[in-house]
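Notes for the one structure printed next.
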Amino acid sequence: MTFRTVRYFIFLRDVLILSVTSFGGPQAHLAMFLDMMVKKRGYLSEQDLMELYALCQVLPGPTSTQTITAIGFKIGGPGLAYLTLFTWLFPAVSIMITMGIFMTYFQSMNISLDFLKFIQPIAVGIVAYSSYRISSSVVSTRTGFFLMFISAFVAYIFRSPWTFPIILLFGGFVTAFKFKQQPIEEKDKIKINWSNFILWISVLVFAAILGGITKYLPIRLFENFYRNGSLIFGGGQVLVPLLYTEFVEFKRYLTSEEFLSGYGFVQALPGPVFSFSAYVGTLSMRDASIGQQILGGLMATAGIFLPGTFFIFFVSRFWEELKKYRVVKASLEGINAVSSGLVIAATFLLLEPISQTKLNYAIIISTICLMFFTKIPTPFIVIIGLITGIIFS
């Protein structure tokens, strides 16, 4: 066994440790990546890590997952990158698929899900707080605030899966005209390797055609999640309005209670929040065998995570030159503002199906206050809600 192989095994072990200890969103994950990957192991410099993280923030897909996958790519190329992706996802995805199977089992056995009643308003409180955090950090101009409120209104009124990509593109298009406000930088000719971009679009077209021909639900799930994964800018909170609209309101694969319970539960897990997709995919196959339910969860997982992986492989090779173009920089303002608006819309979308009781409103407000004024980790808040629900049930 060569030194390089041993180094790769140690790296994957470190990724596995991070996958079961990294609670919180991308910002919390970044701190743990910095400690493990830079300070303890020296796989890359702090500057390299921050540049990779910044790049992943402006690409579609899950920021934390793209960052750790990009580290694997930098160390050992595509092979190690894909192993990194699998190792990082495995714990959270396995738990969320199991959660989806248990939800189906409880319902088939007429077991009450009343013990999850406090998780649902807690989930709404988490999304509401996230909408504040995201908007306050990425929206700072009049144009940005205008796009944020317009996108929130449009996403709430027009509840179609096709609404989201249209308004995301619209937001980027609007602020691209502000490119003259960006500083001019000297640019070299960009040399682009198109292989991963071609791979991304080929998979998208092939999955759409194959799903349309076969009508096989796991393939259609892969295409649905792959499309969503190609459009999402930001953290797992931005995923919520897209999945809720498509799988709860439009296709009715899940009930709003199931959706909220799963989203609340994933907040208590380490690893990527995007693993929530595995739960949605599993429940979408509830009428099939357990093997088919697991397949649904895996197809949803592959669909949501692969686009971001292809994008980071594609763009990382020429990002240093691309980011010097003023139109690219300017369009990010609109995309981020619209993403913030989508999370605001998600807060109201998720609030609708919850019983409008004083207790639920109190739980929502309490969750927001705990996250705003204390340092209590989100997983603890969710676990407290789950235990309280079990006791009172």
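All values below come from the heavy atoms of this structure, side chains included, with hydrogens, waters and symmetry mates left out.
- Annotation: cation-pi pair Lys251/Phe247 present, NZ/CZ under 6.0 Å from the ring centroid and within 45° of its normal.
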### Message
For Glu246 and Arg252: C-alpha separation, side-chain torsions, deciding distance, then whether salt bridge (charged side-chain N to carboxylate O under 4.0 Å, His left out) applies.
### Response
CA-CA 8 Å; Glu246 180 154 358; Arg252 301 187 183 279; over 6 Å; no

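- By the 30° and 60° cut-offs, the orientation of the rings of Phe90 relative to Phe86 is tilted.
- Between Phe276 and Tyr279, the two ring planes are parallel [angle under 30°; tilted spans 30° to 60°].
- Not counting sequence neighbours, Phe373 has no partner by the ring-ring contact (aromatic ring centres under 6.0 Å, His included) test.
- When Ile364, Leu260, Ile363, Asn360 are each tested for a side-chain contact (heavy atoms from CB on, under 4.5 Å) with Ile122, only one passes: Ile363.
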Anything under 3.5 Å between a donor and an acceptor, one on a side chain of residues 379-387, the other on a protein residue two or more places apart or in another chain? List them.
none

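- Using cut-offs of 30° and 60° for the angle between ring planes, the Phe311 and Trp200 rings count as tilted.
- The closest side-chain donor-acceptor pair between Thr141 and Glu333 falls under 3.5 angstrom.
- For the residue pair Thr65 and Trp88, a side-chain donor N or O sits within less than 3.5 Å of a side-chain acceptor on the partner.
- For the residue pair Phe118 and Leu359, the shortest heavy atom distance occurs at CE2-CD2, 3.8 Å.
- Between Phe310 and Tyr82, the ring planes lie perpendicular to each other; the angle is over 60°, past the 30° to 60° tilted range.
- The aromatic rings of Tyr132 and Tyr129 sit tilted, their planes meeting at an angle between 30° and 60°.
- With respect to Arg286 and Glu258, a salt bridge is recorded, a charged nitrogen being found less than 4.0 Å from a carboxylate O.
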